[in-house]
Visitor: 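Handing you this structure, nothing more for now.
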Amino acid sequence: MPIARPAAPVRLDAVELRVLHLPLVSPFATSFGTETVREVIVVRVRTADGDGWGEIVTQQSPLYSSEYTQGAWDVAQRFLAPALLDAAAHALAPEEVAGVLEPFVGHRMVKAGLELAVLDAALRAEGRALGEYLGATVDRVPSGVSVGIQRDPSALVDAVAGYVDQGYVRIKIKIKPGRDVADTAAVRDAFGAIPLQVDANSAYTLADADTLAELDRFDLLLIEQPLQEDDIVDHAALAARLRTPICLDESIVSAKAARDALALRAAAIINIKAGRVGGYLEAVRVHDLCREAGVVPVWCGGMLETGIGRAANAALAALPGFTLPGDVSASDRFYARDIVREPIVLEDGHVRVPTAPGIGVEIDPVALEDATVARVELRR
Ligand code: NPG
């Protein structure tokens, strides 16, 4: 359902951007690289009625997508934040942000972070929670965990065991060529019928279809993004050869891309990430489209968000079309110290949807300051 009740416009006085470096509790390895520190940009918008917070989920290097932190830092200061400040000289509703930023091609993660900050400011001013605004229908969401590639399959089983013990209701393991069938088999053998899925982050080509078909015997919930971002037709060809449903992540950069992928039968399931599609409002449009397209299951992805994006993801994941557990894990899955006062915690395999106004969490100013490596403020 489209947003039922739009938010009141806000007047922006300033946009503050910070690059943060947050150490991860353990290295996170995927088919595209290993991270030990999360580099992320936090946005604060200042309005007469108070501040709003957002997060730009780019990574240090353009390995997951073409976006990366220094590029985001540049485009935000040079083009996007000035356009927003100009447009909001009088007042700007959160629903108008995407239109103001639309002339600038791409840079969706930056657009998403700016839009979230405006949305947060507007909803805080109204005393309304993001979940309620987006259309949440539950007060807690089941929590899945994403487990990076480990030294070997037995180390992977050990890592998964720790998360199972904590109560995560669904396990996702990262795979890459040479680290797929044996890793998946080890986890399936060790944990029986646990809900399990794999994520390739674009590491394969259609020539690997036979290897990927070997995963069919593990009754996975899905295989995520086996081929490259623009391999829509090849994903459709692969889907015809696998029993395991294909879920797209990197390829789904907008509601339009989602519509096309579904029409071409390149995906049976869609991972929704607000950063990747340019904002939480576009994320709701992807959700709505999937519900209308014969109830295509969707789930909420994660990008190692701080407490800001994590709280917003919990709100998004509470919409009714999110029928699979998302990568909405507890803050301590990645961070020993989050930058919010109310880190997301796991309760009986679920995380709570915040109910306080806006994103529903308060920033810890000391933790924020300690993590900041660069800061800039743009004024009207
Ligand atoms: O729980 O936040 C999380 C991480 C989930 O595996 C996860 N994210 O490919 O989906 C992904 C991956 C990712 C992380 C992608 C960071 C890009 C950046």
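Just so it is clear, the values below take in all heavy atoms, side chains as well, and ignore hydrogens, waters and symmetry mates. As the structure lists them, so they are numbered: ligands from 1, and atoms in each ligand from 1.
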Visitor: Is a side-chain donor-acceptor pair under 3.5 Å present for D234 with Y204?
Guide: no

Visitor: Please state whether the rings of F79 and F104 are parallel, tilted or perpendicular, taking 30° and 60° as the class boundaries.
Guide: tilted

Visitor: When you check the side-chain N and O atoms of S251 and Q225, is any donor under 3.5 Å from an acceptor?
Guide: yes

Visitor: Apply side chain to side chain donor-acceptor pair (under 3.5 Å) to R44 and list each qualifying residue two or more places apart in sequence or on a separate chain.
Guide: E16, D51

Visitor: Taking any residue with a non-hydrogen atom under 4.0 angstrom from an atom of ligand 1, which ones do you get?
Guide: F28, Q59, Y64, S146, K172, K174, D199, N201, D249, K273, G302, M303, L304, E305, D327, S329, F334

Visitor: Determine, for K172 against E224, whether the closest basic-nitrogen to carboxylate-oxygen distance falls under 4.0 angstrom.
Guide: yes

Visitor: Check this for me: does any side-chain nitrogen of one of R337 and D370 sit under 4.0 Å from a carboxylate oxygen of the other?
Guide: yes

